Number of protein chains: 2
Amino acid sequence: MFSIGELSKRTGVKIPTIRYYEHIGLMDAPERSEGNQRRYTKQGLKCLSFIRHSRELGFSLDDIKGLLELNQQPGSPCKNAHLIAIRHLTEVRVRLTKLRRLERELKRISACRADSIESCAVIETLADHSLCETDH
Amino acid sequence: MFSIGELSKRTGVKIPTIRYYEHIGLMDAPERSEGNQRRYTKQGLKCLSFIRHSRELGFSLDDIKGLLELNQQPGSPCKNAHLIAIRHLTEVRVRLTKLRRLERELKRISACRADSIESCAVIETLADHSLCETDH
DNA sequence: ATAATCCCTCTAGTAGCTATAGGTTCAAGG
DNA sequence: CCTTGAACCTATAGCTACTAGAGGGATTAT
């Protein structure tokens, strides 16, 4: 049996965040001590680790809810899990592409060597889209 | 003189968002018509375009506030604008690195060909960090 | 017994919007 | 001039995923 503080230490998830996950129904409410404090079992630890790890991989809480449910139906096909993962992968790739373009643009405008605002490439570029190298 | 709707069309920024920018002090409150409707000048259009473009490049509203202020002090050195841009570039690079790792990991786990939850790599990996290829 | 540390609930705040409700104004057509 | 429909107004609440604080009770070690 772990207290919420122990669970927090073991998973690296902050205490208010754990309570928040319970509040929104992502984690089951655990048993309580006589004095009304949360007492978690290994099950709770596993669940929270799963959530934490999924968050690190950037899954939304909604996606995680879906994955947790799939996980709790033994024998179910894992096609849905794949759908969620692949959709997420697609999103990540879109973001990657955007960020790469962004990096190029920022690198370019940061390289300006003017010393007053009137001729600063940073400001000029932000004010006028047509000075950009690429669309966005 | 533009109405808020026209401004919205010209910049691609939604109407409630424009009002929101005014509300938080990012844009100056424009003059009003007799019937209390907002009437913008070219100045307002320029300002909103600047904001929009900066947002597309991922600057926070706080950063944009700073950049706009710099822009309004002619003759000021543009060092600060560069600081903001370079700090942002650094953040973008950090995010890029993380996203690249993420993409590799997602690609790997999505490639699983099992057909039931028990042996699905997506679920297994999420449940057990030690199965990951890299740290995160 | 007491002090230190932990835990409880509840509310409000963060970023950057978006949506809704309920009402007013504008511009064009008859 | 009058009507109608689109566009506008304010104010409030909601979204994601938390985080921080207030004001109080529980647990644990000495």
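Predicted model only: the values in this text are computed from it and were never measured. Chain naming here is simple, since letters A, B, ... match the order of the sequence lines and numbering starts at 1 in each.
Leu68(A) and Leu61(A) fall within the same hydrophobic cluster, defined by Ile, Leu, Val, Met, Phe, Trp and Tyr side-chain heavy atoms under 4.5 Å apart, directly or through other members.
Between Tyr40(B) atom OH and dC8(D) atom C1' the separation is 11 Å, expressed in whole Å. Atom CD1 of Ile18(B) is separated from atom P of dC17(C) by 12 Å (rounded to the nearest Å). Going from atom NZ of Lys65(B) over to atom P of dG16(C) covers 11 Å, rounded to whole Å. The distance between atom CD1 of Ile51(B) and atom P of dG16(C), rounded to the nearest whole Å, is 12 Å. Put simply, CE on Met27(B) is 16 Å from C1' on dC17(C), counting in whole angstrom units. For the pair Glu6(B) CD and dA6(D) C1', the computed distance is 14 Å after rounding to whole Å.
Here Ile4(B) lies in heavy-atom contact (under 4.0 Å) with sugar-phosphate atoms only.
For Arg52(B), no side-chain nitrogen or oxygen approaches OP1 or OP2 of dG16(C) to under 4.0 Å. The phosphate of dC7(C) has OP1 or OP2 within less than 4.0 Å of a side-chain N or O from Ser3(A).
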Nucleotide by nucleotide, nucleotides 13-30 of chain D touches protein heavy atoms under 4.0 Å in the pattern (B base, S sugar-phosphate only, - none) ----BBB-----BSS---
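Looking at every heavy atom in both residues, Ala81(B) comes nearest to Leu70(B) through N-CD1, 3.4 Å.
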